[in-house]
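Chain letters run A, B, ... following the sequence lines, proteins first and then strands; every chain starts at 1. If you're wondering where the values come from, they're calculated on a predicted model, not measured in any experiment.
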Amino acid sequence: MKSITKQKTLEEIGQLLDGLNSVFIAGCGTCATMTHTGGIEEVAAMKLSLQELGKTVTGTTVIPAACDDMTQETIKKYEDAIGSADAMLIMSCAMGVHRVSLYHKKAVIPALDTLFIGLEDNYGEFHEVCAQCGQCVLGETGGICPVTACHKGLVNGPCGGTNDGKCEVDKNRDCAWTLIHNKLAEQKRLDLMYKYQPPKNYQVTPKPKVTKIT
Amino acid sequence: MASKFKQALNSGKFVVTTEVGPAKGTNMDAMLHHIDLLKDVVDAINVTDNQSSVMRFPSVGGCMLVKQKGAEPILQMTCRDRNRMALQADLLYANYMGIENVLCLTGDAIPVGDHKEAKSVFDLDSVQLLKTVRTLESGKDLGGNDLDGVPSYCAGAIVTPEANPIEPQLVKFEKKVNEGAEFFQTQAIYDLDNFKKFMKHARKYDTKILAGIVLLSSAGMARYMTKNIPGIFVPQDLIDEMAGAPKGQALKTGIEIAGRLIGELKKEAICDGVHIMAIGKEEVVPDILAAAGM
Ligand code: SF4
Ligand code: SF4
């Protein structure tokens with residue numbers, strides 16, 4: 001799993017840090033490192049940017065996996081630097097931001113926007129593979145997820161917008177339903193596409209979503 | 001009793017529908033004018049639903065105006081802007097107000113429209129919306145609850161005969177028929193040989209097909225559509241014919257082409273009727289029909 005993130009603009013980060021003059025910066029050694037949004041280099045660059053904005057940086061670190069509960073240890077280790085800061089700027093996905101907030105009372109500011117959960121295709125290129133819909137249909141769609149790969153999340157076949165196998169919203173993107181059709185044809189399982197798919201259940205786990213392994 | 005449009009579909013006559021688009025705003029003068037011009041020359045008038053994802057006066061309101069003018073409306077409903085509760089509620093309201101024909105559509109994508117940051121809904125898709133219509137007719141809603149007062153509709157859908165690739169489109173076509181599409185209005189067709197191939201397939205199913213006729217207004221528009229609009233293919237000879245029109249006569253040539261296509265479809269009984277989309281030139285629909293000899 002990779003949590004795909006994008007750095008907020010410095011302008012927005014500046015606004016979020018308004019009135020917070022000293023900052024501790026924490027990146028993440030896992031997903032945000034792979035997406036080049038919160039690894040060692042990005043944390044170092046952020047330190048310089050914040051200093052240019054006139055902020056005092058009390059310390060920096062890259063947490064091994066910010067979403068993991070081991071994050072508590074890192075927070076403890078840097079207690080002095082964190083304690084003397086007005087806020088922590090977190091350069092991980094929102095799951096890391098949540099973790100950090102659990103372990104410290106200080107204001108926690110996200111430096112990244114969390115976009116989706118995806119896979120890396122080529123170096124630095126990612127695509128969403130699962131929206132965690134709670135009702136996986138991959139078994140009937142040739143392993144291609146229509147909820148995420150189709151712009152409209154259609155489950156009964158293509159819309160009228162598909163053109164030359166591409167999607168109406170972007171000529172450079174494949175139409176999921178052309179891919180699904182071809183994959184099922186290749187697998188000689190095209191009958192699956194003729195099957196009526198009922199409306200999806202959007203309340204499999206009603207928000208706020210929680211589950212308990214029993 | 002079946003709707004007037006359904007009666008026309010079942011009468012065996014060559015059915016003609018067209019469409020009007022509500023205003024962005026409350027000035028409905030142009031639409032009312034178009035309805036006046038069209039109501040006596042067509043069997044039914046579609047009212048578009050936030051077409052091209054552009055926010056407008058609602059299709060159900062437009063259908064009310066068509067009704068008030070004494071014409072037969074076809075309510076276009078997309079799944080883009082309403083969840084299953086809102087769609088069912090609007091279907092009940094439409095039926096109560098005497099709007100009995102409904103065209104079930106997926107809807108264009110939000111990013112192509114004029115509210116690019118809006119949430120797209122797509123709680124249902126077009127196939128599921130058709131089934132929803134049939135479910136309401138059975139006296140139940142999608143939650144399995146009983147209805148007090150049971151509606152009935154004439155439900156249809158769309159199909160793109162020139163889609164590339166065509167196979168996935170035909171799968172969806174069959175699913176729509178299976179879930180109760182009584183009629184189809186097709187995306188624009190210009191190449192009759194291609195369309196006949198599609199019809200050979202479609203004739204295997206118990207449903208009516210109205211061929212989509214989009215009026216060409218210039219050679220540029222014909223080229224643009226072929227290049228940019230999914231599922232539209234204007235053959236080169238028609239583009240040449242448009243390009244060869246004398247200055248200021250392109251629209252006239254477009255009317256002739258549309259009339260000729262309709263005339264041939266009717267004469268050879270290729271399909272069950274036509275759906276004319278004049279895109280901003282609704283006032284020439286009677287001329288198109290005259291050119292078709294109707
Ligand atoms: S259908 Fe798609 S979004 Fe839903 S669980 Fe499967 S992969 Fe995830
Ligand atoms: S063109 Fe294909 S991928 Fe795009 S919205 Fe339509 S069905 Fe989905």
Side-chain angles (χ1 to χ4, degrees), chain A residues 113 131 133-135 137 140-142 144-204, chain B residues 52-53 78-80 83-84 87 105-113 116 120-132 135 142-143 157-179 185-188 212 226-233:
Chain A
D113 282 318
C133 75
Q135 257 188 339
V137 298
E140 295 179 312
T141 56
I144 296 158
C145 167
V147 177
T148 52
C150 165
H151 173 80
K152 299 172 189 169
L154 304 177
V155 291
N156 274 302
C159 72
T162 169
N163 208 11
D164 297 332
K166 299 294 173 188
C167 175
E168 74 175 358
V169 293
D170 185 346
K171 280 184 193 158
N172 298 314
R173 272 194 261 173
D174 292 325
C175 164
W177 276 102
T178 306
L179 296 179
I180 293 170
H181 176 271
N182 296 348
K183 191 76 175 276
L184 289 175
E186 204 179 294
Q187 297 175 341
K188 304 215 178 334
R189 303 181 79 211
L190 211 48
D191 52 309
L192 288 172
M193 196 170 152
Y194 285 88
K195 192 178 140 193
Y196 171 76
Q197 294 287 354
K200 284 187 83 69
N201 176 3
Y202 287 94
Q203 305 296 338
V204 176
Chain B
S52 307
S53 305
T78 75
C79 299
R80 179 192 53 239
N83 73 359
R84 67 190 81 176
L87 287 166
L105 307 162
T106 300
D108 292 318
I110 287 282
V112 306
K116 293 189 192 302
S120 33
V121 181
F122 301 115
D123 184 24
L124 302 183
D125 61 32
S126 52
V127 180
Q128 294 160 348
L129 181 57
L130 280 161
K131 197 180 175 94
T132 302
T135 305
L142 287 184
I158 61 164
V159 63
T160 307
E162 295 274 11
N164 177 31
I166 186 71
E167 293 82 7
Q169 188 70 206
L170 294 180
V171 175
K172 189 130 184 201
F173 171 75
E174 182 173 321
K175 288 171 98 162
K176 288 175 175 178
V177 176
N178 289 343
E179 298 313 328
Q185 292 173 324
T186 80
Q187 176 57 287
T226 291
K227 198 161 165 257
N228 295 299
I229 311 278
I232 295 192
F233 163 68

Chain A contact via Ile158(B) - which portion, at a heavy-atom distance below 4.5 Å: neither
Contact origin within Lys131(B) toward chain A - heavy atom pairs under 4.5 Å: side chain
Contact class of Asp108(B) relative to chain A, heavy atoms under 4.5 angstrom: both
Side chain to side chain, Ser120(B) and Lys152(A), heavy atoms closer than 4.5 Å: no
side-chain contact (heavy atoms from CB on, under 4.5 Å) partner of His151(A), chosen from Cys175(A), Cys159(A), Cys167(A): Cys167(A)
Glu179(B) portion near chain A, given a 4.5 angstrom heavy-atom threshold: side chain
Contact class of Val127(B) relative to chain A, heavy atoms under 4.5 angstrom: both
Structural part of Lys171(A) lying under 4.5 Å from a heavy atom of chain B: side chain
Between Leu124(B), Val159(B), Asp123(B), the one whose heavy-atom pairs under 4.5 Å with chain A are most numerous: Asp123(B)
pair Pro146(A)-Val137(A): side-chain heavy atoms closer than 4.5 Å: yes
Close side-chain approach of Glu162(B) to Ile232(B), heavy-atom, < 4.5 Å: no
Partner chain A: residue of Gly231(B), Ala163(B), Pro165(B) with the largest heavy-atom pair count (under 4.5 Å): Pro165(B)
Selection from Ala185(A), Pro158(A), Gly160(A) maximising heavy-atom pairs under 4.5 Å formed with chain B: Pro158(A)
Residue part contacting chain A, namely of Leu105(B), when any heavy atom lies under 4.5 Å: neither
Side-chain ion pair, Glu168(A) and Arg173(A), N-O less than 4.0 Å: no
Lys116(B), NZ atom: more than 12 neighbouring heavy atoms under 6.0 Å: yes
Lys172(B) side chain near Trp177(A) side chain, heavy-atom distance below 4.5 Å: no
Residue pair Gly107(B) / Thr78(B): nearest heavy atoms and the distance that separates them: CA-CB, 3.6 Å
Contact winner vs chain B - Asp164(A), Val169(A), Ile180(A), heavy-atom pairs under 4.5 Å: Asp164(A)
Gln187(B) versus chain A, the contacting section by heavy-atom distance below 4.5 Å: neither
Spacing of CZ belonging to Phe122(B) relative to CD1 belonging to Ile110(B), to within rounding of 0.5 Å: 7.0 Å
Side chain / backbone / both / neither for Arg80(B) at chain A, heavy atoms under 4.5 Å: neither
Option in Asp125(B), Thr132(B), Thr160(B), Leu142(B) with maximal non-hydrogen atom pairs under 4.5 Å from chain A: Asp125(B)
